[in-house]
Amino acid sequence: MSESKMSSMKKEYEFLKEIGLGSRNLGCYINGLWQGNGPVISSVNPANNQRIAEVVEASFQDYEEGMRACAEAAKIWMQIPAPKRGEIVRQLGDALRAKLHYLGRLVSLEMGKILAEGIGEVQEIIDMCDFAVGLSRQLNGSIIPSERPNHIMLETWNPLGIVGVITAFNFPCAVLGWNACIALVCGNCVVWKGAPTTPLITIAMTKIVAGVLEKNNLPGAILTTFCGGAEIGQAIAEDTRIPLVSFTGSTKVGLMVQQIVNQRFGKSLLELSGNNAIIVMDDADTELAVRSVLFAAVGTAGQRCTTCRRLLLHENIYHKVLERLLDVYKQVKIGNPLEKGTLLGPLHTRASRENFEKGIQKIKSQGGKILTGGNVIESEGNFVHPTIVEISPNADVVKEELFGPLLYVMKFQSLKEAIEINNSVPQGLSSSIFTRKPEIIFKWIGPQGSDCGIVNVNIPTNGAEIGGAFGGEKATGGGREAGSDSWKQYMRRSTCTINYGNELPLAQGINFG
Ligand code: NAD
């Protein structure tokens, strides 16, 4: 980046220099070098819709060049012992720690989430690095007793080669972290395409990884990054050099990606849309529930996959909880996400704001009663009011994910009815119940309880820890990322039977000649 380009940056954006960004940035990291021969786009601040900086996206030639280098790097990386790969990821964690506040600020600036959440997002990758370092010494296979004398059966795990990672705008770097930290210690190279509206985060994050690879004399192509849109995403989905495509985004696009990857017998790992409910029973600590609903419904301006969109209140506490919630909604400070005290920042783009407006019209046409909010805020940014709507659980709109600070409230009479409503939507990501009764808790987490991938008790639907496997069922795609045994998806399993005797006994006692 030339000095003159740097000096043309607005003062409020000068911190970007600390993470290697300028007013015009090349958007492809290919074979250890930065380039870009595709369209030039602007990264826009959602709080005022003004340009932050320009980015040159990838062309198809860039893509091809990058993939060739990545395939070569894969041959080297998979041969490095796993704990040594872990050491590289440990260094990545340290490099992120050193830039935590700058990166967090950039997430807040470009995506629009409040600063605390921006910093939290980067912290999540640091946590993932720590997790992956430990994992690098625990990619254990097993020894299985053989039915044949002088035979031994082993299960071993080998790298896949290259993992493609396509990510959504709302977690512009954490999702890369969930995937890349695990994929890397498992011995895979990573090809990343971030969201087209968050290219600066994609570039800044890649620069941090690139610095660590360079310091260790490793090929830069171990992480290959392309800024771009649907065309580059589609190229990743179609590419037979990429055995696993991890896709995070909407159900609509995820389904298309899955079908393309399936056609070539690739594997896909899908993290798609949510439509998450909180159930409050009549024995619950209602103050705890209200605080949780506020964070789950208003946090990240309702743009988390785990955002609470449906609040199911027992009829005995319906009015009490609703009144308290309407009261706390009045106190939510809306404004610049970088300013202290702001709880609700803007929606990510102008299009998201228009979508919100259209959604409200649809809700009204289906009998929804707006209890608070329900409109956009006239300003140069993409701000909307946090909204609560009273509606029937059977309305069609309730089955869809409207990405904004919109909460549907519904009344129920019994636990059975509440669980039925919870499970009645196509998506199956997150869910939570507020109760103190053990019999309700165990029913909720059991076979006739919530059908979601995340089943919480007395906490919000969002804010998952990285130690557990993260993901959801049904139209959320069935993928699991981050902790627990999610790593197995990033490796291929070999079942090895070794005969160390001189005879050839066959399985199932077969005597063949
Ligand atoms: P999106 O589906 O519009 O885009 C996601 C990514 O797919 C982007 O990088 C985009 O460029 C790319 N893409 C678009 N068309 C493509 C195509 N034809 N082929 C390949 N790639 C293509 O989603 P979004 O608006 O960025 O993100 C919001 C959605 O993501 C919400 O539905 C949210 O619930 C979901 N999400 C889910 C999780 C999860 O873990 N379940 C996490 C974050 C976001």
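Just so you know, ligand 1 is whichever comes first in the structure, and atom 1 is the first atom listed for that ligand.
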Closest protein heavy atom to atom 41 (N) of ligand 1, given as residue, atom name and distance to 0.1 Å: Leu272 O, 2.8 Å

Between Ser268 and Gly266, is there a donor-acceptor pair closer than 3.5 Å when you use the side chain of the first and the backbone of the second? no

Looking at Asn37, is its backbone amide N or carbonyl O close enough to the side chain of Asp62 to form a donor-acceptor pair, meaning the two atoms are under 3.5 Å apart? yes

Shortest protein contact, atom 21 (N) of ligand 1 (heavy atom only): Gly233 CA, 3.6 Å

Distance-only donor-acceptor check, side chains Thr202 and Trp192, under 3.5 Å: no

Starting from atom 26 (O) of ligand 1, locate the nearest protein heavy atom and write down its residue, its atom name and how far away it is, to 0.1 Å. Phe169 N, 3.2 Å

With atoms numbered from 1 as shown, which atoms in ligand 1 lie under 4.0 angstrom from a non-hydrogen atom of Gly274? 34 (O)

Between the side chain of Arg310 and the main-chain N/O of Ile421, is any donor-acceptor distance below 3.5 Å? yes

With the threshold set at 4.0 Å, does a side-chain nitrogen-carboxylate oxygen contact exist between Arg480 and Glu473? yes

For ligand 1, which is the ligand I care about here, please tell me if Ser273 has any N or O atom under 3.5 Å from one of the ligand's N or O atoms. yes

Please confirm whether Ser250 comes within less than 3.5 Å of ligand 1 when only nitrogen or oxygen atoms on both sides are compared. yes

Heavy-atom contact under 4.0 Å between Gly194 and ligand 1? yes

If you scan protein heavy atoms around atom 28 (C) of ligand 1, the nearest is Phe403 CE2, 3.7 Å

Ignoring hydrogens, tell whether any protein atom lies closer than 4.0 Å to atom 36 (N) of ligand 1; use the non-hydrogen atoms only. yes

No-hydrogen, no-angle side-chain donor-acceptor test under 3.5 Å, Ser43 and Glu110: yes

Would you indicate whether the side-chain heavy atoms of Ser430 and Asn462 approach each other to under 4.5 Å? no

Does the N or O separation between Met256 and ligand 1 drop below 3.5 Å for any pair? no

Is Glu64 salt-bridged to Arg68, cutoff N-O under 4.0 Å? yes

Ring-face cation contact, Tyr29 with Lys207, 6.0 Å cut, 45° max: no

Where is the nearest protein heavy atom to atom 12 (C) of ligand 1: which residue, which atom, and how far? Ile166 CG2, 3.9 Å

Yes or no: does Ala237 have any heavy atom under 4.0 Å from an atom of ligand 1? no

Applying a 4.0 Å heavy-atom criterion (strictly less than), which segment of Arg304 is in contact with ligand 1: side chain, backbone, both, or neither? neither

Starting from atom 6 (C) of ligand 1, find the nearest protein heavy-atom neighbour and note its residue, name and distance. Thr167 O, 3.5 Å

Going by the angle between their ring planes, with limits at 30° and 60°, are Tyr102 and Phe15 parallel, tilted or perpendicular? parallel

Using heavy atoms and a 4.0 Å limit, tell me yes or no: is Gly472 in contact with ligand 1? no

Atom indices of ligand 1 within 4.0 angstrom of Pro196 heavy atoms, with elements: 11 (O)

Taking both backbone and side-chain atoms of Asn170, is any N or O found less than 3.5 Å from an N or O belonging to ligand 1? no

Just by distance, with hydrogens left out, do Asn179 and Ser246 show a side-chain donor and acceptor under 3.5 Å apart? yes

Does Val253 reach ligand 1 with a nitrogen or oxygen that is under 3.5 Å from one of the ligand's nitrogen or oxygen atoms? no

For ligand 1, indicate whether the residue Thr251 contacts it via side chain, backbone, both or neither (heavy-atom separation under 4.0 Å). neither

I want to know if ligand 1 touches Thr248 in the polar sense, i.e. an N/O pair below 3.5 angstrom. no

